[in-house]
Protein chains: 2
Amino acid sequence: MACEKIFIRELHQRGLRLTPQREMVLSALHEAKGFETAEEIYERVRRLSASVDISTIYRTLDLLHHMGFVASVDAGDGQARFALTALQEPHVHLVCQGCGRIVGVPIHEVEPLLQALRARYGFEADLDDVTLYGLCENCRGSSPSAR
Amino acid sequence: MACEKIFIRELHQRGLRLTPQREMVLSALHEAKGFETAEEIYERVRRLSASVDISTIYRTLDLLHHMGFVASVDAGDGQARFALTALQEPHVHLVCQGCGRIVGVPIHEVEPLLQALRARYGFEADLDDVTLYGLCENCRGSSPSAR
DNA sequence: CTTTTTGTTGCAACTGGTTGCAAGATACCA
DNA sequence: TGGTATCTTGCAACCAGTTGCAACAAAAAG
């Protein structure tokens with residue numbers, strides 16, 4: 001897990017600490033392979049240690065998110081979903097409202113939008129964490145199927 | 001209030017009813033002139049009638065939003081904000097994280113983004129209700145001031 | 001005007017998520 | 001190795017917003 005070494009280094013750089021809870025959340029995210037809710041990640045962590053509190057899960061996911069290790073997507077169903085992105089380029093996320101699939105779009109592909117907003121509104125938008133809703137190729141034709 | 005006549009017509013078309021509560025929310029939104037939280041709109045309605053429940057405010061704002069009368073923006077502080085848009089073209093909203101100002105961008109100005117997503121990902125995005133975060137012209141230079 | 005249908009409301013309970021705080025644990029230094 | 005500063009945790013209370021449901025009320029029909 002090269003990821004963990006980098007995590008420890010980043011923590012130390014910010015004067016933060018490595019705790020068993022933080023290790024377990026990182027490990028749960030490795031297991032997950034894809035977007036999961038905080039509750040699902042909580043369940044994975046509980047299999048490792050029963051005494052961890054859900055608020056610690058949220059705090060740790062938040063930390064990992066701010067450090068750029070984790071992407072957070074609001075799929076529009078009132079529950080955020082999280083996934084490891086480790087050190088990839090930031091993505092804009094597309095959520096299909098037909099099938100629930102989440103697709104990442106490298107941020108450089110929407111650079112023209114950034115330029116347009118800068119030019120016309122003087123607005124410097126931060127697209128690191130944007131989620132767009134719509135219909136994917138599959139669901140566009142057929143009638144939308146349940147998630 | 002031309003807005004109210006159209007509202008009544010739209011309600012009837014959908015088999016829905018005009019109630020005092022719905023009229024009061026619409027009237028509160030007219031008073032507001034700008035984005036306000038559900039709680040602020042609730043306070044305005046309470047000045048008209050003390051017995052209205054906050055859940056009715058939320059349900060009505062939701063209805064007005066789905067009917068296209070109201071824009072809903074998550075300013076990133078954990079509280080949604082609502083404003084009358086009556087029958088304007090839908091907007092993408094820019095929220096300045098420096099000063100909290102909310103600016104609307106007519107949706108046709110981001111049409112190129114829609115086309116790019118359609119072409120490369122086959123994804124038909126719905127930008128009617130997108131909010132982007134960043135810094136406005138004023139706040140870009142100076143150190144960000146509190147909201 | 002009364003009845004009937006069905007959409008709407010207030011209420012209370014609940015949801016996902018956040019926060020204040022005292023107790024506990026980590027990392028550093030002697 | 002022991003002491004200490006301070007970061008982190010679990011807990012419980014809280015927050016904005018949603019939901020199920022029985023009572024209510026708008027609109028249409030008689």
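Here is how names work: the chains are called A, B, and so on, in the same order as the sequence lines, proteins then strands, and each is numbered from 1.
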Find the distance [X]:[atom1] to [N]:[atom2] and express it as a whole number of Å.
{"X": "A:Gln13", "N": "C:dA27", "atom1": "CD", "atom2": "C1'", "result": "16 Å"}
{"X": "B:Leu61", "N": "D:dA16", "atom1": "CG", "atom2": "C1'", "result": "13 Å"}
{"X": "B:Gln79", "N": "C:dG16", "atom1": "CD", "atom2": "P", "result": "20 Å"}
{"X": "B:Ile54", "N": "D:dG17", "atom1": "CD1", "atom2": "P", "result": "8 Å"}
{"X": "A:Glu40", "N": "C:dG17", "atom1": "CD", "atom2": "P", "result": "11 Å"}
{"X": "B:Met24", "N": "C:dT8", "atom1": "CE", "atom2": "C1'", "result": "13 Å"}
{"X": "B:Asp62", "N": "D:dT18", "atom1": "CG", "atom2": "P", "result": "6 Å"}
{"X": "B:Phe82", "N": "D:dA16", "atom1": "CZ", "atom2": "P", "result": "13 Å"}

When only distance counts, do a donor and an acceptor, one from the side chain of B:Arg22 and one from the base of C:dG7, lie under 3.5 Å apart?
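A donor-acceptor contact between them is absent.
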
Is a donor-acceptor contact shorter than 3.5 angstrom present between the side chain of A:Arg59 and the base of D:dG10?
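Such a pair exists between side chain and base.
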
Is A:Phe123 close to B:Val103 at the side-chain level, that is, under 4.5 Å between some pair of heavy atoms?
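Side chain of B:Val103 against side chain of A:Phe123, heavy atoms only: no contact under 4.5 Å found.
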
Contact class for [X] vs. all strands (heavy atom < 4.0 Å): base, sugar-phosphate, or nothing?
{"X": "A:Gln21", "value": "sugar-phosphate"}
{"X": "A:Leu18", "value": "sugar-phosphate"}
{"X": "A:Thr37", "value": "nothing"}

How do A:Ser55 and A:Gly15 order along DNA chain D: which one's closest nucleotide is nearer the 5' end?
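By nearest-heavy-atom nucleotide position, the 5'-most residue is A:Gly15.
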
Between B:Glu39 and B:Arg17, who's closer to the 5' end of DNA chain D by nearest nucleotide?
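Between the two, 5'-proximity favours B:Glu39.
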
Given B:Val70, which of B:Leu26, B:Leu64, B:Thr85 fulfils the side-chain contact (heavy atoms from CB on, under 4.5 Å) condition?
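Testing B:Val70 for a side-chain contact (heavy atoms from CB on, under 4.5 Å) against B:Leu26, B:Leu64, B:Thr85 leaves exactly one candidate, B:Leu64.
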
Indicate whether OP1 or OP2 belonging to C:dT18 is found under 4.0 Å from a side-chain N or O atom of A:Tyr58.
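No, no such contact exists.
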
Establish, with yes or no, whether the OP1 or OP2 oxygen of C:dT8 is under 4.0 angstrom from a side-chain nitrogen or oxygen of B:Thr56.
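Answer is no, no contact under 4.0 Å.
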
A:Leu117 versus A:Ala125, closest heavy-atom pair with distance:
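Where A:Leu117 meets A:Ala125 most closely, the heavy atoms are CD1-CB, 4.0 Å.
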
Rounded to the nearest 0.5 Å, what separates atom NZ in A:Lys5 from atom CD in A:Glu10?
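With rounding to 0.5 Å, NZ (A:Lys5) is 15.5 Å from CD (A:Glu10).
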
Starting from the C-alpha separation in whole Å, work towards a yes-or-no answer on side chain to side chain contact (heavy atoms under 4.5 Å, CB included) for A:Met67 and A:Gln13.
CA-CA 11 Å; A:Met67 288 170 65; A:Gln13 271 176 24; over 6 Å; no

